[in-house]
Asker: 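Before anything else, here's the structure in question.
In what follows, chains are A, B, ... by sequence order, proteins preceding strands, each numbered from 1. This is a predicted model, so every value here is computed, not measured.
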Amino acid sequence: DSGVTQTPKHLITATGQRVTLRCSPRSGDLSVYWYQQSLDQGLQFLIQYYNGEERAKGNILERFSAQQFPDLHSELNLSSLELGDSALYFCASSRSGRLSTDTQYFGPGTRLTVL
Amino acid sequence: AQKITQTQPGMFVQEKEAVTLDCTYDTSDPSYGLFWYKQPSSGEMIFLIYQGSYDQQNATEGRYSLNFQKARKSANLVISASQLGDSAMYFCAMREGRDNYGQNFVFGPGTRLSVLP
């Protein structure tokens, strides 16, 4: 158990819908990352927050947004869902968020299926 | 150019044998960290081992060790005494720089390891 929690574990929804994925980082970690893992694209970095502020953006679509709250939990919002958004979404957390020594610990993931 | 290369899409190993999973990386930054993660069929990503670019010794964590050859830019994972539970996908990852953010944490394509009884 990494100490990172994600809910829900599974999510099945229809095209055009909107969903929210939730993540709680490990105790003491200030940085949260979101990743998308699909079969054809591998593990893709989406976005990073550090202590409530956005710090880095990767291949995140405009239909997707995220935030980190004062209690450090984070939410990833996916809207106008398409079939291609079906994937495993991971949240990870780390202490500082910016050092090369900073290890990311991953949550169990949320498997999103868009029908 | 690919930052992380894992040339073995799939590997087989006999139970109780040792196995080496290859990883080469590309960076011009003198400061970087190398990480290995395991992803079993259940889907979670499990952190295994870390090696810093300035570390003088190869990292070890239980049955996992990292064969770090800086000049060759390789960071191979060695699993000793393989167990059936080691069957999983293994990802090599790198984070560059002393002071940067998440977009610089890159993963390789992974190697699928199957341990045979």
Side-chain angles (χ1 to χ4, degrees), chain A residues 1-6 9-10 25-26 29-51 53-60 66 68 74 87-112, chain B residues 2-6 9 23 25 27-56 59 61 64 66 68 70 75 88-112:
Chain A
D1 186 348
S2 67
V4 179
T5 61
Q6 284 187 253
K9 285 196 77 171
H10 301 277
R26 291 188 322 154
D29 284 358
L30 297 177
S31 205
V32 168
Y33 312 76
W34 286 97
Y35 290 88
Q36 180 193 57
Q37 187 180 36
S38 57
L39 283 172
D40 57 344
Q41 298 244 344
L43 203 62
Q44 298 285 316
F45 168 73
L46 295 178
I47 198 164
Q48 177 196 7
Y49 280 82
Y50 174 77
N51 205 20
E53 293 189 18
E54 181 184 308
R55 279 287 185 247
K57 249 181 175 175
N59 301 319
I60 188 166
Q68 187 180 28
S74 177
L88 189 53
Y89 290 84
F90 283 109
C91 167
S93 74
S94 70
R95 284 278 182 261
S96 80
R98 68 179 204 277
L99 300 176
S100 62
T101 56
D102 208 37
T103 299
Q104 293 185 26
Y105 293 90
F106 283 73
T110 292
R111 186 168 296 280
L112 174 66
Chain B
Q2 293 282 351
K3 289 274 189 180
I4 298 283
T5 303
Q6 294 181 255
C23 171
Y25 57 92
T27 182
S28 57
D29 198 313
S31 179
Y32 53 90
L34 296 158
F35 306 79
W36 277 91
Y37 289 85
K38 171 185 177 182
Q39 187 177 34
S41 57
S42 51
E44 72 266 36
M45 290 282 283
I46 303 166
F47 166 68
L48 295 178
I49 195 166
Y50 161 81
Q51 179 85 43
S53 60
Y54 295 115
D55 293 343
Q56 295 296 313
E61 286 287 347
Y64 304 108
L66 207 151
F68 181 45
K70 197 169 180 177
M89 197 76 168
Y90 289 81
F91 293 95
C92 180
M94 176 176 66
R95 186 170 200 154
E96 296 171 284
R98 285 192 179 278
D99 195 352
N100 62 75
Y101 294 102
Q103 74 270 32
N104 292 316
F105 198 94
V106 292
F107 285 82
T111 294
R112 183 168 298 282

Asker: Looking at chain B, which one of Q6(A), R111(A), Q37(A) has the largest number of heavy-atom pairs inside 4.5 Å, strictly under?
Answerer: Q37(A)
Asker: If every non-hydrogen atom of M45(B) is compared with every non-hydrogen atom of F90(A), which pair is closest and at what distance?
Answerer: CG-CZ, 3.7 Å
Asker: Does any heavy atom of chain A fall under 4.5 Å from the side chain of F47(B), the backbone, both, or neither of them?
Answerer: side chain
Asker: Search all heavy atoms of Y37(B) against all heavy atoms of T103(A) and return the closest pair with its distance.
Answerer: OH-CG2, 4.1 Å
Asker: Hey, what do you get for OG1 (T101(A)) to OH (Y54(B)), rounding to the nearest 0.5 Å?
Answerer: 12.0 Å
Asker: Is it the case that atom NZ in K9(A) sees more than 12 heavy atoms from other parts of the structure closer than 6.0 Å?
Answerer: no
Asker: To the nearest 0.5 Å, what is the distance between CD on Q48(A) and CZ on F105(B)?
Answerer: 10.5 Å
Asker: Centroid-to-centroid, Y35(A) to F107(B), below 6.0 Å?
Answerer: yes
Asker: Can you list everything that forms a side chain to side chain contact (heavy atoms under 4.5 Å, CB included) with E44(B)? Sequence neighbours excluded, please.
Answerer: P40(B), S42(B), I46(B)
Asker: Checking D102(A) against chain B: side chain, backbone, both or neither under 4.5 Å from a heavy atom?
Answerer: both
Asker: Around R26(A), counting heavy atoms of other residues, nucleotides and ligands shown, do more than 12 lie under 6.0 Å from its CZ?
Answerer: yes
Asker: Side chain to side chain contact (heavy atoms under 4.5 Å, CB included) with E61(B): which residues, sequence neighbours excluded?
Answerer: I49(B)
Asker: Are L88(A) and Q39(B) packed together at the side-chain level, in the sense that at least one heavy-atom pair is separated by less than 4.5 angstrom?
Answerer: yes
